Amino acid sequence: LLTVHCRTRAEAYQDEVDWTRIARAVAAVSIPVCGNGGVTTHADLRRMRDETGCAFVMVGRGALADPWIFSGTRVSRGEAARFLLDYADAMRARARFPAGGILARLKQLFRYWNAGSLFAEHERRDWLRQGDTAGLLARLERYAREEPCAAPLDPHQPAASAANSP
């Protein structure tokens with residue numbers, strides 16, 4: 001397996017990527033290639049494979065922004081908040097994170113997070129400035145009580161099928 005990152009060190013985390021680099025690697029080797037870079041939606045997973053011929057796709061920031069990117073499921077704000085609360089609970093229980101560490105990890109996710117319309121883009125700074133772990137978790141708890149309504153991004157394809165697609 002060969003993994004090809006679409007961006008050079010100099011290009012860093014810019015939005016534009018050159019997937020032809022992956023396609024050239026696929027054409028040059030006889031082993032499976034995993035492409036990485038510029039995948040921000042469920043549709044990008046298929047598009048990268050179709051356009052480059054790579055066998056696998058690695059997702060970084062796109063998965064931080066939306067952990068459901070692989071299934072194509074659109075989640076509610078309540079479901080997104082519940083996910084983050086469960087993550088906080090896991091950090092506390094399994095990794096024994098202190099409250100400040102939990103707050104810092106959640107804020108790392110909030111830099112990219114877009115799942116469930118948890119907050120509008122203009123509200124992101126407010127969430128990132130939250131200095132109180134208990135206050136942030138209480139805010140998430142209020143949202144988590146909202147009625148969930150998960151639906152696949154593609155209304156013609158159930159989420160289970162999307163998750164199993166090649």
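Since we're looking at a predicted model, the values are computed, not measured.
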Expected list for residues 28-37: side-chain donor-acceptor pairs under 3.5 angstrom, two or more places apart:
unit_1	atom_1	unit_2	atom_2	d
Asn36	OD1	His5	ND1	2.9
Asn36	ND2	Met58	O	3.0

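Considering only residues two or more places apart in sequence or on other chains, Arg77 meets the side chain to side chain contact (heavy atoms under 4.5 Å, CB included) condition with Leu118, Tyr143, Glu146. The side-chain hydrogen bond (donor to acceptor under 3.5 Å, both in side chains) check on Gln130 picks up nothing, with sequence neighbours excluded. Listed by chain and number, the residues in a side chain to side chain contact (heavy atoms under 4.5 Å, CB included) with Pro98 amount to none (sequence neighbours excluded). For Phe119, the ring pair (Phe, Tyr, Trp, His ring centres under 6.0 Å) partners at least two apart in sequence or on another chain are Phe110, Trp127. Residues that satisfy the salt bridge (Lys or Arg N to Asp or Glu O under 4.0 Å) test with Arg21, not counting sequence neighbours, are Glu11, Asp18. Legend: residues meeting side chain to side chain contact (heavy atoms under 4.5 Å, CB included) with Ala99, ordered by chain and number and at least two apart, are Thr133. Among residues two or more places apart in sequence or in another chain, the side chain to side chain contact (heavy atoms under 4.5 Å, CB included) test is passed with Thr41 by Ala43, Asp44.
The closest donor-acceptor contact from the side chain of Ser71 to the backbone of Thr73 lies under 3.5 Å. Looking only at distances, a side-chain donor or acceptor of Ser76 sits under 3.5 Å from a matching main-chain atom of Glu79.
Closest heavy-atom contact between Ile69 and Thr40: CD1-C, 3.6 Å.
Its side chain within the 4.5 Å cluster rule, Phe56 clusters with Leu1 among the Ile, Leu, Val, Met, Phe, Trp and Tyr residues.
Within the structure, the side-chain hydrogen bond (donor to acceptor under 3.5 Å, both in side chains) test picks out the following pairs touching residues 50-60 (sequence neighbours left out): Arg47-Glu51. The list of side-chain hydrogen bond (donor to acceptor under 3.5 Å, both in side chains) pairs with a residue in residues 107-118, not counting sequence neighbours, is empty. Residue pairs satisfying the salt bridge (charged side-chain N to carboxylate O under 4.0 Å, His left out) criterion with at least one member in residues 112-126, sequence neighbours excluded, are listed as follows: Glu121-Arg124, Asp126-Arg139.
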